[in-house]
Amino acid sequence: MAVTAQMVKELREMTGAGMMDCKKALVETDGDMDKAVETLREKGLAKAAKKAGRIAAMGLVKTAFSADGKAAAIVEVNSETDFVAKNDEFISFVEKLANMALENDAADMDAFMALPYESEGTVQDALTNKIATIGENLSIRRFQKLAEPGVVYTGYIHGGGSIGVIVGIKTDASADEIAVVGKDVAMQVASMNPKFLDETQVDQAWLDAETEIAKQQLLNEGKKPELLERIIPGKIKAILKEVCLVDQKFVKDSDLTVQKYVDNAAKEAGKDMAIAAMVRYEVGEGIEKKEEDFAAEVAAQQAAAAKK
């Protein structure tokens, strides 16, 4: 596969590596972006954690909470342009869907799309109508409802709806009592994007892949193979502190971990608190947006017109 300047630019933006290093990695991996990222990381040339997957789709994330905070829901709806994402009709539609996700127990997207929507029929019918009136393709991408007994939920919306977070605190405290600590933790999730709640939730396949990358980095640095078993555990421990929410440094006070911040808040409130859940939606994450070549499009239209 031919390596283009656009591919090099994209890889450089994702990894922070030098232009020639990016080009070399793409050549070595035959243009495979994911493998190129891994190659650069193994060589110690890339900053970890930026996953190959362009975030480009427009839209909104909205959340909804029950009055007592014991249930919460989050939904993402995509549009083609940012202009539509700021349209009042579109915003109201997404807010309505978030409340519907909260008020119902739809098992999956098919069930959600079949829910009755005001006088328009189903959610699917309402979506079809919105596409017709707004004049742009829209997609209800995903939703989730949380209602675990003994857990109180709160959240945070960033950038008017570009990122939405729900955090669940296992506690006897009320929604008002956990409002500040819950929002602080939700803002942490929005800004630092932890992969896991704690080490017990770490995906084994992800851990195995990170361990292999760490080994290759050490070998490329000239470390002797027989020393790896002693060095690797420390490197993995450091990585886990970055990707597990409770072990991350608290963004508002770097002297504390998130866990310590919550423990301090619980002590001050006189009630136990433990982070039990987190959900983070970022608009368009993992979606590749079609790159429009307007010059080619105009040329194609002119050619079509000339044939008439």
Side-chain angles (χ1 to χ4, degrees), residues 1-57 76 141-142 162-163 165 188-249 251 278-291:
M1 179 179 179
V3 174
T4 65
Q6 178 60 33
M7 291 167 68
V8 174
K9 178 176 178 289
E10 194 171 313
L11 183 59
R12 189 179 185 187
E13 288 173 353
M14 286 193 292
T15 63
M19 186 171 64
M20 293 309 296
D21 291 321
C22 288
K23 183 176 181 180
K24 186 177 180 182
L26 284 165
V27 170
E28 289 177 6
T29 59
D30 196 28
D32 187 310
M33 198 66 71
D34 286 349
K35 288 181 180 177
V37 171
E38 283 196 13
T39 297
L40 288 170
R41 289 190 58 198
E42 288 172 358
K43 292 179 178 179
L45 299 172
K47 296 171 185 176
K50 287 199 176 180
K51 178 69 177 168
R54 278 74 69 189
I55 299 175
E76 177 189 351
R141 185 185 182 200
R142 52 183 172 168
S162 59
I163 298 174
V165 175
Q188 174 89 20
V189 173
S191 64
M192 301 307 292
N193 194 13
K195 289 181 178 293
F196 311 105
L197 186 60
D198 56 36
E199 288 191 25
T200 66
Q201 295 190 4
V202 173
D203 177 69
Q204 190 59 48
W206 176 88
L207 186 59
D208 290 344
E210 288 297 313
T211 301
E212 187 56 36
I213 288 171
K215 286 180 179 177
Q216 290 301 319
Q217 286 177 340
L218 291 168
L219 289 172
N220 289 334
E221 289 169 8
K223 296 291 190 296
K224 295 180 179 179
E226 58 268 24
L227 296 178
L228 296 189
E229 295 306 316
R230 290 193 310 192
I231 303 173
I232 287 294
K235 283 189 72 76
I236 295 302
K237 190 73 175 174
I239 291 171
L240 291 176
K241 284 184 181 296
E242 293 181 2
V243 299
C244 292
L245 172 62
V246 297
D247 296 322
Q248 286 183 339
K249 287 185 177 180
V251 290
M278 68 168 186
V279 178
R280 182 187 188 276
Y281 281 6
E282 182 168 351
V283 169
E285 58 190 340
I287 295 177
E288 283 191 47
K289 186 179 180 183
K290 181 182 178 184
E291 292 292 335

(message) Give me the atom names and distance for the closest heavy-atom approach of Leu197 to Gln201.
(response) CB-OE1, 3.4 Å
(message) Could you go through Val243 and Val202, starting from their C-alpha distance and side-chain angles, then the distance that decides it, and tell me whether this counts as side-chain contact (heavy atoms from CB on, under 4.5 Å)?
(response) CA-CA 9 Å; Val243 299; Val202 173; 5.6 Å; no
(request) Step by step, work out the side chain to side chain donor-acceptor pair (under 3.5 Å) result for Glu221 and Gln217. (result) CA-CA 6 Å; Glu221 289 169 8; Gln217 286 177 340; over 6 Å; no
(request) Would you mind checking if Glu285 and Arg142 are paired as a salt bridge, meaning a charged N to carboxylate O distance below 4.0 Å? (result) yes
(message) Show the nearest heavy-atom pair for residues Pro194 and Cys244, with the distance to one decimal.
(response) CB-C, 4.4 Å
(message) Could you measure the distance from the CG atom of Asp247 to the CG atom of Leu240? Nearest 0.5 Å is fine.
(response) 8.0 Å
(message) What's the separation between atom CD1 in Ile213 and atom CG in Leu218, rounded to the nearest 0.5 Å?
(response) 12.0 Å
(message) Just to verify, what does Val246 make a side-chain contact (heavy atoms from CB on, under 4.5 Å) with, not counting sequence neighbours?
(response) Asp198, Gln259, Ile275
(request) To the nearest 0.5 angstrom, please state how far the CE atom of Met33 sits from the CG atom of Leu11. (result) 6.0 Å
(request) With sequence neighbours left out, write down each residue that passes side chain to side chain donor-acceptor pair (under 3.5 Å) with Lys237, or none if nothing qualifies. (result) Glu199
(request) Give every residue pair that meets the ring pair (Phe, Tyr, Trp, His ring centres under 6.0 Å) criterion with at least one member in residues 222-242, sequence neighbours excluded. (result) none
(message) My understanding is that only residues two or more places apart in sequence, or in another chain, count here; which of them pass side chain to side chain donor-acceptor pair (under 3.5 Å) with Asp203?
(response) none
(message) How long is the straight-line distance from NZ of Lys215 back to CD of Glu42, given to the nearest 0.5 Å?
(response) 12.0 Å
(request) Name all residues meeting the side chain to side chain donor-acceptor pair (under 3.5 Å) criterion together with Glu226; count only those two or more places apart in sequence or in a different chain, and write none if there are none. (result) none
(message) Check Arg41 with Glu212, please: is the shortest side-chain N to carboxylate O separation under 4.0 Å?
(response) no
(message) Tell me every residue that passes side-chain contact (heavy atoms from CB on, under 4.5 Å) with Lys9, counting only those two or more places apart in sequence or in another chain.
(response) Gln6, Glu13
(request) Could you tell me the separation between the CD1 atom of Ile163 and the CD atom of Glu76, rounded to the nearest 0.5 Å? (result) 11.0 Å
(request) Can you tell me which residue pairs pass the ring pair (Phe, Tyr, Trp, His ring centres under 6.0 Å) test with a partner in residues 191-224, sequence neighbours excluded? (result) Phe196-Trp206
(request) Mind jotting down which residue pairs meet the ring pair (Phe, Tyr, Trp, His ring centres under 6.0 Å) criterion with at least one end in residues 217-237? Sequence neighbours excluded, please. (result) none
(message) Please enumerate all residues that pass side chain to side chain donor-acceptor pair (under 3.5 Å) together with Gln188, with sequence neighbours excluded.
(response) Gln248
(message) Once side-chain contact (heavy atoms from CB on, under 4.5 Å) is applied, do any residues pair with Ser191, and if so which ones, sequence neighbours excluded?
(response) Val251
(message) Tell me which pairs pass ring pair (Phe, Tyr, Trp, His ring centres under 6.0 Å) where either residue lies in residues 19-39, with sequence neighbours left out.
(response) none
(request) Drop me the distance from Leu207's CG to Lys195's NZ, to the nearest 0.5 angstrom. (result) 12.5 Å
Side-chain donor-acceptor contacts of residues 18-30 below 3.5 Å, not counting sequence neighbours, with atom names and distances?
residue : atom : partner : partner atom : Å
Glu28   : OE1  : Lys43   : NZ           : 3.3
Glu28   : OE2  : Lys43   : NZ           : 3.1
Thr29   : OG1  : Ala25   : O            : 2.8
Thr29   : OG1  : Leu26   : O            : 3.4
Thr29   : OG1  : Asp32   : O            : 3.4
Asp30   : OD1  : Met1    : N            : 2.6

